[in-house]
Amino acid sequence: MNLLKRFIEKGAAPLIVAAYLCVFFLVSLVGAQEETEAVASTINGADTGWILVSTAFVIFMVVGLGFFYGGLVRRKNALNTMMMSFIALGIVSITWAVIGYSFAYGSPNVNLIGLSFEFFGMNGIGLDSTTGDDGIPKILDFAFQGAFAIITAALISGAIVERMRFSAYMFFITIWSVLGYAVMAFWVWGGGLFDFGEHNLFGLNDAIDFAGGTVVHINAAVAALVLAFMLGKRKDHGNKAMLPHQVPFTLLGAGILWVGWFGFNGGSAYGANATAALAMTNTLLAPAAAIVAWATLDYFRTGKVTAVGLATAIIVGLVAITPGAGVMGPIAAIVVGLITTVPCYFFIEWRASSGLDDSLDVFGAHGLGGIVGSLLTGVFVSTTWGGDVDGSMKQFMSQLVAVLIAIGYSVVITFVIASITRVFFPLRAQESLEDVGLDVAMHGEEAYSDGEGAILIPIGD
Amino acid sequence: MNLLKRFIEKGAAPLIVAAYLCVFFLVSLVGAQEETEAVASTINGADTGWILVSTAFVIFMVVGLGFFYGGLVRRKNALNTMMMSFIALGIVSITWAVIGYSFAYGSPNVNLIGLSFEFFGMNGIGLDSTTGDDGIPKILDFAFQGAFAIITAALISGAIVERMRFSAYMFFITIWSVLGYAVMAFWVWGGGLFDFGEHNLFGLNDAIDFAGGTVVHINAAVAALVLAFMLGKRKDHGNKAMLPHQVPFTLLGAGILWVGWFGFNGGSAYGANATAALAMTNTLLAPAAAIVAWATLDYFRTGKVTAVGLATAIIVGLVAITPGAGVMGPIAAIVVGLITTVPCYFFIEWRASSGLDDSLDVFGAHGLGGIVGSLLTGVFVSTTWGGDVDGSMKQFMSQLVAVLIAIGYSVVITFVIASITRVFFPLRAQESLEDVGLDVAMHGEEAYSDGEGAILIPIGD
Amino acid sequence: MNLLKRFIEKGAAPLIVAAYLCVFFLVSLVGAQEETEAVASTINGADTGWILVSTAFVIFMVVGLGFFYGGLVRRKNALNTMMMSFIALGIVSITWAVIGYSFAYGSPNVNLIGLSFEFFGMNGIGLDSTTGDDGIPKILDFAFQGAFAIITAALISGAIVERMRFSAYMFFITIWSVLGYAVMAFWVWGGGLFDFGEHNLFGLNDAIDFAGGTVVHINAAVAALVLAFMLGKRKDHGNKAMLPHQVPFTLLGAGILWVGWFGFNGGSAYGANATAALAMTNTLLAPAAAIVAWATLDYFRTGKVTAVGLATAIIVGLVAITPGAGVMGPIAAIVVGLITTVPCYFFIEWRASSGLDDSLDVFGAHGLGGIVGSLLTGVFVSTTWGGDVDGSMKQFMSQLVAVLIAIGYSVVITFVIASITRVFFPLRAQESLEDVGLDVAMHGEEAYSDGEGAILIPIGD
Amino acid sequence: MKLVTAFIRKEKLIDVISALFEKNIHGLTVSNVKGHGGEGEKVETYRGTRVKKELSEKLKLEIGVSDEFVDLAVKTVMSSARTGNVGDGKIFVIPVEKVYRIRTGEEDNQAVTPLTPKN
Amino acid sequence: MKLVTAFIRKEKLIDVISALFEKNIHGLTVSNVKGHGGEGEKVETYRGTRVKKELSEKLKLEIGVSDEFVDLAVKTVMSSARTGNVGDGKIFVIPVEKVYRIRTGEEDNQAVTPLTPKN
Amino acid sequence: MKLVTAFIRKEKLIDVISALFEKNIHGLTVSNVKGHGGEGEKVETYRGTRVKKELSEKLKLEIGVSDEFVDLAVKTVMSSARTGNVGDGKIFVIPVEKVYRIRTGEEDNQAVTPLTPKN
Ligand SMILES: Nc1ncnc2c1ncn2[C@@H]1O[C@H](COP(=O)(O)OP(=O)(O)O)[C@@H](O)[C@H]1O
Ligand SMILES: Nc1ncnc2c1ncn2[C@@H]1O[C@H](COP(=O)(O)OP(=O)(O)O)[C@@H](O)[C@H]1O
Ligand SMILES: Nc1ncnc2c1ncn2[C@@H]1O[C@H](COP(=O)(O)OP(=O)(O)O)[C@@H](O)[C@H]1O
């Protein structure tokens, strides 16, 4: 029994890799022949250059996220927390290549839902393929969108740090990045479900999600919440003070996230154009407004402007502006930043003392911020600023419905995937390991070590 | 009395925000109608792409600055120091949107001085407006220049860390970013005072400031000096050894600043062109030369090349090349780097043991570096390398006069603003708080916490 | 005798600088006249923009490397290790300006070998010169390639940390960056030796090295190995546990390196085009695959996925894809990442317990990774993906020969330069200083200081 | 007077402090230590380097008390720091000859604890 | 011989050390500790989490001296570490049975201090 | 019982621990300290600020042993921690009145060491 368990635990990962390998070799044989078919359209150098940079920036966000989260946990869990972001760079890149991109951007097998196998194993993406009108190489679109998938998966980890078993986490995001993320990406950007207008659904307009408010932030935050519920709270939650072990890392992470987000939002204009410039400016102003609002609330309530609060405000402002960054004016962006901060601030205040151990407030920042931001996009979207419509009650409702569907789907799919995961790996680390810390327990390493009392083990032992 | 004081202290920030809000809502109503008027000119994608990136880079500099400064202070003030940079991202973005950009780049109300309300509350900046010949969206120009305003305000903090009251600092930079920075930006870049030639002032040429030697570095450094004088020195200055608590952060910050500076100087070419390439190269070579010079001086004097010294040299070299980055040749850039290092090195050596508590040597690095760099720009500017003139005594004098005016204005305006600030907030933290450290005193947080002896306070208490 | 020694030690650096200065002044006089001769060809804005960014990214890699390495050493050597990367930014920039670029890209004095003085002291590189077909300003090419020279020199330091004398290191890389790096850069990219096909050597094809597998990684790694042998192992190697003092820095460094590498590989396409997009994508997928493979091996062997391992895997994957990033398909990139990981993993496992003190496994990661990656490039290069040829045994042999020549040259030149260095400076720090740590011993600083027990020395003492 | 010196588990600190406070024992000092006792070793791996960590992180508590408080302090620490698993730690009672309060120069019993133990 | 053990304010260290050196007392050891005494608590806030910090950072000084030096050491520390505000700390004088100098194996008085106190 | 308290060089820790383990002495606690003794000072420079570092990093070892183990513990530490250069440190043997094992409540000799020293 124990042996079997151990085999599964130890064996699952290599099996997955072996499977990858097989798939890829097959695909590479097939793929080779088909690659040249795509019709070449002209590549726009300037736009391509900007998306190249944006891709790098979004990848940088994952590093930033690791530090943002890593600074907030206790010392003994610093590496484990950072690893949850870093491992996503490995796993999700690969799932995205295998099937994620295809699900998100292939022509749908199932109407409205997607599940296309068109680009399975990157089949059909050649050097000459472009995204069409945009003049961006398709392979760059693959990488840029892949970076979104990675960061989304990594975001989830904030809710379950300091207690989730690392192998379970790896297994979980492997599946979730496909069924949780890629599917919803199709709904939002691939021409799927959320194009209410196009598909004449519910008499609504197309839901607007410029850079990923629903598919990235709400989606990840809801998944985070569900996982947090399934795992239960940390042993020390509510009893002991669990303080951020290194706030400078959190500030560094927030700073990197902000810089990366210029690529996230700015790159979502898919070109080096006025919309990108607008998105950039809004991505500066909304978090700035959120900082001012948060600092004011902090100062008003406790007389002190906190650093962790400021870092949180940056994230909230960034999340809030994400769905509407390229379709509303800069003053609206400021207003969005100011307004969104208020509910997030009080929710996070409340959450800490509640029984809900969404440890690093993924829901408070990304979920609530994403929801409010998405709804406000329905209010502030403006044709003057490049939107397809102007803000209206109808658009607000379209946003609301999209948000609700996103929440609903994310709840269900996360629950299902986590339940499957549970079959193979206990989701949670043994309770005693929480005292030791997951760095030593899961990774056999310490984040900060002075080597005292460490005796070298000769090889062979 | 005490109550009143407390009210002012606690109430000022929210009142400011409330004021912001009102202004914005009004503006947004008005603004909506006027936005489309601007004459659309063609956007250049390549140039826009580069300025998009440069903007992100300059914002990244603020993060870098926080770490550069933060590593140099004592552990107990690490967060406070970093927060002074980070809060500038919030406050100055907003003041820039309200009125800063207008003062700097609107058509002047007061000749030579500016004070334009043309773009008040971003009025008149639409999606289609460009900066004219450059083919850069005006809204991007807004963001790019806004990033300069932010970093300039943040630079000041280096002189007053470990003792200034945070609320006073916030209040101060709110005003200074407008009256200190934006006004001088108009003089230099908006067509104001420093275009001596154009306005036939003193029989001089236009003063050259490619990327902000006067308006950013000299300006901030002088303001820093004035504030340091007004605050007085830290309790421990001259008595106790105050050592950098985390030199790696300082190196990280210097590295990030360098990378960001490529956007600062390179982006000041306002396009992805040969001048940008030149500015980039000079921004590599001048600090490299400064490193070599500083290391040599260090080695010669003490036998040891210091890391803090190397980080400082990077900044000195970067500051020195800023005013002339795009108008002089690369060999000249190396010479500028080498020459500027010498006075900065010895000034900083002397400063530490003087009574002048410019804590992190803002003046030694940015002030002196900016002055020497500005003057050398008058020597090395070359039409071969895209300058409007060649180096000459006349140009040197023009630079000198510009520097002097900048210093004079900065002294006066900083003194005035700090004096106003003093009315509302004591500038300085209570002396006893210097022992405790400003992290706990001002922010109620510790940078590095192990949570020992921390007891959770249930909500409601 | 002692005095003489001290003079040489203390005097060498300033003399070098003095020499630099003389050279530059002369050059600048001469250079001024010749600069305008170059034939102006059109600059491509989009491509230039991307290379501007790429240059900044590659410089950022040096910062990342400092942190990657710095986190892996013991606390007492953190600064020394980081300084070895940072000082390279200063020294190599200057040697590159003086002669490195000329050796690498000037028209050869010695056929196949180079050693050109065409661009000595940046002579002949004007504002209007371009790289020709590419439409990149030549001065930008200078900076971009200079960044490669810097990172290559810095890479070497990983093998000799915690024991090499800093002055010897500075002297060594001053020469090595020219004779070790620039010469081989000519062979690979300047039209030299490694263009086997063009020069009809050995009946082979041109060796392919898209972004620097041989000249950067194999070259640096072999130099590192030779230096490590010449220095001997650290006092504690094999006796005491020497643990990474700050793994988060290593993760940060790996993250920054990855982001920077997008510029390294992507920029090597010399334009914002489909090849850059391909290189970008491959630079995402290969390290991702390496992470998956490494994590699997870790998990299989010890049940634990390590953070240091993951960071190492990122580097291995990046190194592996470097020579072929822009000439093979993305599935091939994944395969390269997976395959290369295996030998690197086991080599590094073995190395630690061997007598070979390549302290931070420069050879295991960069050497072996570079070799395997170069050879696999000969297998997977594909005309479908923009390669000049398709993978073949002949190409494989061409790669192999190039690798062997690179190794051979690097061994010899490094040995020679290190031997010359030894004449002026003992290569190794005194053994007793290894206990104290090189931060205090070489730099008179501590990375993390609380100032306890530090007494201020009044000036003059 | 005695210096009650205890080596305890990190995660038990708050429990111990709170327990002491309840008994009116307020003067104490804590420091970070690493200890070796009967606990098993941990193995860590950094690349090829495998190490056995012989020491685990513990806390040291020093509580200066007047003689009548010694038993109370010991008992309070013992009960609040106990988990029953190997690694709970030890208490050493060390004699003290003199105690001074730096602020006032007060000596001995005045310098350490309240006069009457609160049970 | 005695081990004079003092808990003092961090910011007073240099003053105390200098004062001791002046009295020719050179052998001492310092460590970082956190203490609770009569000082007020600090409240910190991290997002919604509010905590009371019961411990403030202090330093522990251990000075091994021969019997004739005890009073001098105590007085020197007391006067140089005093600010007069709550939180100045305590001094404990602990008996020592044996002292050894590791380098030479010398014992007791030879191992600790200069032979005659300098006043 | 005694608390053998030694200040030793950081780099000697593993040697000392291993030596103690060989003698069957397993209970010990280590902490990071900084000491001043006969060693020379280091000068450091940060920009214009030059400082003399009066303290060097050391480790403190506390080994609680029953009386018959004292000599063994002292000798073992002394020989394994010695380099012969200034700065090797000191050992203080401090009397202990009571020892308790927190886990079980066992007292005194039971709480500290194995019953018979292994030579
Ligand atoms: N003889 C001793 N001397 C000093 N410290 C000790 C001694 N024995 C135990 N300790 C300290 O107590 C901690 C726990 O002790 P251990 O022996 O593991 O507990 P238990 O008594 O439950 O077996 C150790 O890590 C060490 O810090
Ligand atoms: N009884 C005690 N046992 C151990 N340490 C103590 C004791 N009393 C005080 N301390 C140490 O001294 C420090 C200051 O003590 P405190 O009682 O606040 O000072 P004061 O004597 O001025 O009131 C505390 O933080 C603690 O470290
Ligand atoms: N009298 C003392 N009291 C407390 N600690 C001491 C004393 N003397 C030495 N030490 C500790 O021992 C360390 C080494 O002592 P030192 O006197 O330099 O060695 P040596 O005995 O070889 O001259 C010091 O750094 C300090 O931590």
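So that the names make sense, note that chain A is the first sequence line, chain B the second, and so on, each numbered from 1.
A search for side-chain hydrogen bond (donor to acceptor under 3.5 Å, both in side chains) contacts involving B:Asn44 returns B:Asp47, not counting sequence neighbours.
Residue B:Asp390 qualifies as enclosed at atom CG: its count of foreign heavy atoms under 6.0 Å is above 12.
Closest approach of C:Trp96 to C:Ala149, counting heavy atoms only: CE3-CB, 3.7 Å. Looking at every heavy atom in both residues, B:Val327 comes nearest to B:Gly386 through CG1-O, 4.5 Å. C:Ile51 approaches C:Tyr270 most closely through the heavy-atom pair CD1-CA, 3.7 Å. Across C:Ala154 and C:Ala88, no two heavy atoms sit closer than the pair CB-CB, 4.1 Å. When every heavy atom of B:Val247 is checked against every heavy atom of B:Ala307, the shortest pair comes out as CG1-CB, 4.0 Å. Across C:Ala429 and C:Leu438, no two heavy atoms sit closer than the pair CB-CD2, 4.0 Å.
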B:Asn265/B:Asn282 under side chain to side chain contact (heavy atoms under 4.5 Å, CB included): CA gap, chis, key distance, verdict: CA-CA 9 Å; B:Asn265 286 353; B:Asn282 288 347; over 6 Å; no
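Per-residue counts of heavy-atom pairs under 4.5 Å with chain C were compared for B:Ala254, B:Gly260, B:Ala46, B:Ala272; the largest is that of B:Ala272. Contact tally against chain C (heavy-atom pairs below 4.5 Å) for B:Ile314, B:Thr283, B:Thr275, B:Leu284: the top residue is B:Leu284. Annotation: maximal heavy-atom pairing with chain C below 4.5 Å, among B:Asn273, B:Ile291, B:Asp298, occurs at B:Ile291. For chain C, the option among B:Met242, B:Lys240, B:Gln246 with the highest count of heavy-atom pairs below 4.5 Å is B:Gln246. Highest contact tally toward chain C, considering only B:Trp294, B:Phe249, B:Trp258, is held by B:Trp258 [criterion: heavy-atom pairs under 4.5 Å]. With chain C as partner, the option from B:Gly271, B:Pro248, B:Gly49, B:Ala276 having the largest number of non-hydrogen pairs under 4.5 angstrom is B:Pro248.
From B:Glu162, atom CD reaches atom OG of B:Ser359 across 6.5 Å, with rounding to the nearest 0.5 Å. One finds the CD atom of C:Gln145 at 9.0 Å from the OG1 atom of C:Thr55 (value rounded to the nearest 0.5 Å). Between C:Ser54 atom OG and C:Ile136 atom CD1 the span is 9.0 Å, to the nearest 0.5 Å. Considering CD of C:Glu445 and CG of B:Leu243, their distance stands at 10.0 Å, rounded to 0.5 Å. Expressed to the nearest 0.5 Å, how far CD of B:Glu349 lies from OG1 of B:Thr302 amounts to 8.5 Å.
Heavy-atom proximity under 4.5 angstrom to chain B picks out C:Phe57, C:Ile59, C:Phe60, C:Val63, C:Phe67 from residues 57-68 of chain C. Residue-level contacts of residues 137-144 of chain C with chain B, in order of numbering, are C:Pro137, C:Ile139, C:Leu140, C:Phe142, C:Ala143; threshold 4.5 Å between heavy atoms. When the heavy atoms of residues 71-86 of chain C are compared with those of chain B, the residues falling under 4.5 Å are C:Leu79, C:Met82, C:Met83, C:Phe86, listed by number.
Contact of C:Glu446 with chain B is made through the backbone alone, with heavy-atom distances under 4.5 Å. Contact annotation for B:Leu310: only side-chain heavy atoms (C-beta onward) come within less than 4.5 Å of a heavy atom of chain C. Interface remark: B:Leu297 contributes no atoms to any contact with chain C (heavy atom separation under 4.5 Å). In this structure, chain B has a heavy atom under 4.5 Å from the side chain of C:Leu252, while its backbone stays farther away. Of the two parts of B:Val53, only the side chain, counted from C-beta on, holds a non-hydrogen atom closer than 4.5 Å to a non-hydrogen atom of chain C. With a 4.5 Å cut-off on non-hydrogen atoms, B:Pro244 touches chain C through its backbone but not through its side chain.
No side-chain donor-acceptor contact under 3.5 Å links C:Ser102 to the backbone of C:Ile99.
Side-chain contact annotation: C:Thr95 with C:Thr174, donor-acceptor N/O pair under 3.5 Å absent.
Using a 4.0 Å cut-off between charged nitrogen and carboxylate oxygen, B:Glu434 and B:Lys235 do not count as a salt-bridge pair.
Aromatic rings from C:Phe166 and C:His443 are positioned such that their centres are separated by under 6.0 Å.
Classified by interplanar angle (parallel below 30°, tilted 30° to 60°, perpendicular above 60°), the ring pair B:Phe264/B:Trp261 is tilted.
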